[in-house]
Peer 1: 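Structure below; questions to follow.
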Amino acid sequence: MERTLSIIKPDGVSHGLIGEVIKRLEKNHIKIIAIKMIQMNQKQAQGFYAVHKDRPFFNSLTTFMTSGPVVVMVLEGNNVISKYRDLMGATNYKEAAEGTIRKDFATDIEKNVVHGSDAPETAAFEIGYFFNSFEIMS
Ligand code: GDP
(Lines give C-alpha, C1' and ligand atoms only; values in the text may rest on other atoms or scores of the structure.)
Protein backbone atom coordinates (compact mmCIF):
# COMPACT_ATOMS: atom_id res chain seq x y z
CA MET A 1 0.00 0.00 0.00
CA GLU A 2 1.35 3.40 -0.99
CA ARG A 3 0.32 7.00 -0.24
CA THR A 4 0.71 10.15 -2.27
CA LEU A 5 -0.12 13.84 -1.95
CA SER A 6 -2.46 15.40 -4.48
CA ILE A 7 -3.12 19.11 -4.88
CA ILE A 8 -5.83 20.63 -7.03
CA LYS A 9 -3.99 23.85 -7.86
CA PRO A 10 -5.55 27.37 -7.86
CA ASP A 11 -6.39 27.13 -11.59
CA GLY A 12 -8.16 23.80 -11.05
CA VAL A 13 -10.21 25.22 -8.17
CA SER A 14 -11.08 28.48 -9.97
CA HIS A 15 -12.04 26.63 -13.16
CA GLY A 16 -14.50 24.44 -11.24
CA LEU A 17 -12.53 21.21 -11.59
CA ILE A 18 -12.60 19.89 -8.00
CA GLY A 19 -15.45 17.49 -8.78
CA GLU A 20 -13.92 16.44 -12.10
CA VAL A 21 -10.57 15.52 -10.49
CA ILE A 22 -12.24 13.64 -7.63
CA LYS A 23 -14.51 11.82 -10.10
CA ARG A 24 -11.46 10.58 -12.00
CA LEU A 25 -9.81 9.41 -8.78
CA GLU A 26 -12.89 7.48 -7.69
CA LYS A 27 -13.50 6.04 -11.15
CA ASN A 28 -9.96 4.64 -10.99
CA HIS A 29 -10.48 3.18 -7.51
CA ILE A 30 -8.00 5.56 -5.88
CA LYS A 31 -8.97 6.05 -2.26
CA ILE A 32 -9.02 9.54 -0.69
CA ILE A 33 -7.95 9.22 2.96
CA ALA A 34 -7.59 12.96 3.78
CA ILE A 35 -8.88 16.15 2.16
CA LYS A 36 -9.05 19.89 2.90
CA MET A 37 -9.07 23.30 1.25
CA ILE A 38 -6.36 25.79 2.16
CA GLN A 39 -4.69 28.91 0.77
CA MET A 40 -0.91 28.94 1.11
CA ASN A 41 1.15 32.01 1.84
CA GLN A 42 4.42 32.66 -0.01
CA LYS A 43 6.58 31.09 2.74
CA GLN A 44 4.48 27.90 2.79
CA ALA A 45 4.59 27.58 -1.00
CA GLN A 46 8.35 28.19 -1.04
CA GLY A 47 8.83 25.48 1.58
CA PHE A 48 6.68 23.04 -0.35
CA TYR A 49 8.58 23.64 -3.60
CA ALA A 50 12.02 24.02 -1.96
CA VAL A 51 13.51 21.44 -4.38
CA HIS A 52 12.83 23.92 -7.18
CA LYS A 53 14.31 26.96 -5.42
CA ASP A 54 17.08 27.41 -8.01
CA ARG A 55 14.82 27.03 -11.04
CA PRO A 56 14.01 30.17 -13.07
CA PHE A 57 10.27 29.61 -12.60
CA PHE A 58 10.41 29.34 -8.78
CA ASN A 59 9.01 32.82 -8.04
CA SER A 60 6.32 32.55 -10.63
CA LEU A 61 5.33 29.06 -9.43
CA THR A 62 5.10 29.99 -5.75
CA THR A 63 3.17 33.19 -6.59
CA PHE A 64 0.74 31.13 -8.67
CA MET A 65 0.33 28.53 -5.91
CA THR A 66 -0.60 31.27 -3.41
CA SER A 67 -3.00 33.04 -5.79
CA GLY A 68 -6.10 31.22 -4.55
CA PRO A 69 -7.35 28.24 -2.58
CA VAL A 70 -6.12 24.73 -3.33
CA VAL A 71 -7.51 21.32 -2.38
CA VAL A 72 -4.94 19.03 -0.78
CA MET A 73 -5.62 15.30 -0.53
CA VAL A 74 -3.85 12.16 0.62
CA LEU A 75 -4.47 9.24 -1.73
CA GLU A 76 -3.87 5.60 -0.93
CA GLY A 77 -3.61 2.44 -3.01
CA ASN A 78 -1.31 -0.01 -4.73
CA ASN A 79 1.22 1.92 -6.83
CA VAL A 80 -0.85 5.05 -6.25
CA ILE A 81 2.12 7.37 -6.89
CA SER A 82 2.56 6.29 -10.51
CA LYS A 83 -1.12 5.51 -11.00
CA TYR A 84 -2.09 9.08 -10.06
CA ARG A 85 0.76 10.58 -12.11
CA ASP A 86 -0.56 8.62 -15.10
CA LEU A 87 -3.98 10.20 -14.56
CA MET A 88 -2.37 13.66 -14.26
CA GLY A 89 -0.31 13.48 -17.45
CA ALA A 90 3.03 15.11 -18.30
CA THR A 91 4.06 18.39 -16.63
CA ASN A 92 3.76 20.17 -19.98
CA TYR A 93 0.14 19.68 -21.04
CA LYS A 94 1.22 19.86 -24.69
CA GLU A 95 3.13 16.60 -24.16
CA ALA A 96 0.48 14.97 -21.96
CA ALA A 97 -1.30 11.83 -23.17
CA GLU A 98 -4.89 12.01 -24.38
CA GLY A 99 -7.47 11.66 -21.63
CA THR A 100 -5.19 12.88 -18.83
CA ILE A 101 -6.23 15.68 -16.48
CA ARG A 102 -3.50 18.02 -17.72
CA LYS A 103 -4.19 17.30 -21.41
CA ASP A 104 -7.88 17.97 -20.89
CA PHE A 105 -7.71 21.04 -18.61
CA ALA A 106 -4.24 22.64 -18.27
CA THR A 107 -3.80 26.05 -19.86
CA ASP A 108 -0.06 26.55 -19.34
CA ILE A 109 3.06 24.56 -18.33
CA GLU A 110 2.69 26.17 -14.87
CA LYS A 111 -1.10 26.28 -14.57
CA ASN A 112 -1.46 22.54 -14.97
CA VAL A 113 -4.37 21.87 -12.59
CA VAL A 114 -2.87 19.20 -10.35
CA HIS A 115 0.17 18.17 -8.34
CA GLY A 116 1.16 14.63 -7.40
CA SER A 117 4.19 13.39 -5.45
CA ASP A 118 6.85 11.74 -7.62
CA ALA A 119 8.36 9.16 -5.20
CA PRO A 120 7.71 7.56 -1.79
CA GLU A 121 10.21 9.87 -0.03
CA THR A 122 8.71 13.04 -1.50
CA ALA A 123 5.21 11.73 -0.75
CA ALA A 124 6.11 11.28 2.93
CA PHE A 125 7.53 14.81 3.12
CA GLU A 126 4.60 16.37 1.23
CA ILE A 127 1.88 14.55 3.23
CA GLY A 128 3.53 15.61 6.50
CA TYR A 129 3.78 19.18 5.19
CA PHE A 130 -0.02 19.55 5.09
CA PHE A 131 -1.58 16.88 7.34
CA ASN A 132 -1.17 15.61 10.87
CA SER A 133 -1.93 11.99 11.75
CA PHE A 134 -5.42 12.82 13.12
CA GLU A 135 -6.50 14.18 9.74
CA ILE A 136 -5.62 11.00 7.82
CA MET A 137 -8.12 8.11 7.79
CA SER A 138 -6.35 4.80 7.75
P1 GDP B 1 5.38 17.86 -11.88
O2 GDP B 1 5.96 16.85 -10.93
O3 GDP B 1 4.83 17.24 -13.14
O4 GDP B 1 4.36 18.78 -11.22
O5 GDP B 1 6.57 18.78 -12.41
P6 GDP B 1 7.85 19.44 -11.68
O7 GDP B 1 8.07 18.88 -10.31
O8 GDP B 1 8.98 19.40 -12.66
O9 GDP B 1 7.46 20.98 -11.55
C10 GDP B 1 6.61 21.45 -10.52
C11 GDP B 1 5.63 22.43 -11.10
O12 GDP B 1 6.36 23.58 -11.55
C13 GDP B 1 4.87 21.97 -12.36
O14 GDP B 1 3.76 21.17 -12.08
C15 GDP B 1 4.49 23.31 -12.96
O16 GDP B 1 3.36 23.88 -12.29
C17 GDP B 1 5.72 24.16 -12.68
N18 GDP B 1 6.69 24.14 -13.80
C19 GDP B 1 7.44 23.09 -14.25
N20 GDP B 1 8.22 23.46 -15.28
C21 GDP B 1 7.95 24.78 -15.50
C22 GDP B 1 8.43 25.75 -16.45
O23 GDP B 1 9.29 25.47 -17.30
N24 GDP B 1 7.91 27.01 -16.35
C25 GDP B 1 6.99 27.36 -15.40
N26 GDP B 1 6.53 28.63 -15.38
N27 GDP B 1 6.51 26.47 -14.51
C28 GDP B 1 6.98 25.20 -14.56
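Just so we're clear, the structure is a prediction, and the values are computed from it rather than from any experiment. Both counts, for ligands and for their atoms, begin at 1 and track the order of listing.
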Peer 1: So among D104, V13, I101, which one has a side chain to side chain contact (heavy atoms under 4.5 Å, CB included) with V113?
Peer 2: I101

Peer 1: Would you indicate whether K36, at its atom NZ, is surrounded by more than 12 heavy atoms from other residues, nucleotides or ligands within a distance under 6.0 Å?
Peer 2: yes

Peer 1: Tell me the ring pair (Phe, Tyr, Trp, His ring centres under 6.0 Å) pairs involving residues 102-122, sequence neighbours left out?
Peer 2: F48-H115

Peer 1: I want to check something: taking the side chain as every heavy atom from C-beta on, are M65 and I7 in contact at a cut-off of under 4.5 Å?
Peer 2: yes

Peer 1: So, does N112 use its side chain to make a donor-acceptor pair with the main chain of A106 at under 3.5 Å?
Peer 2: no

Peer 1: Does any N/O atom on E110 come nearer than 3.5 Å to any N/O atom on ligand 1?
Peer 2: yes

Peer 1: For atom 17 (C) of ligand 1, which protein heavy atom lies nearest, and how many Å away is it?
Peer 2: L61 CD1, 3.8 Å

Peer 1: Going by heavy-atom distance to atom 20 (N) of ligand 1, choose the closest among F64, F57, F58.
Peer 2: F57

Peer 1: In terms of atom number and element, which parts of ligand 1 are under 4.0 angstrom from non-hydrogen atoms of R102?
Peer 2: 1 (P), 3 (O), 4 (O), 14 (O)

Peer 1: What protein heavy atom is closest to atom 5 (O) of ligand 1, reported as residue, atom name and distance in Å?
Peer 2: T91 OG1, 3.2 Å

Peer 1: Report yes if some heavy atom in the side chain of I81 is under 4.5 Å from a heavy atom in the side chain of D118; otherwise report no.
Peer 2: no

Peer 1: Judged on heavy-atom distance to atom 6 (P) of ligand 1, which of R85, K9, H52 sits nearest?
Peer 2: H52

Peer 1: Would you say I109 contacts ligand 1, with heavy atoms under 4.0 Å as the rule?
Peer 2: yes

Peer 1: Could you see which bit of N112 sits under 4.0 Å from ligand 1, with heavy atoms only: side chain, backbone, both or neither?
Peer 2: side chain

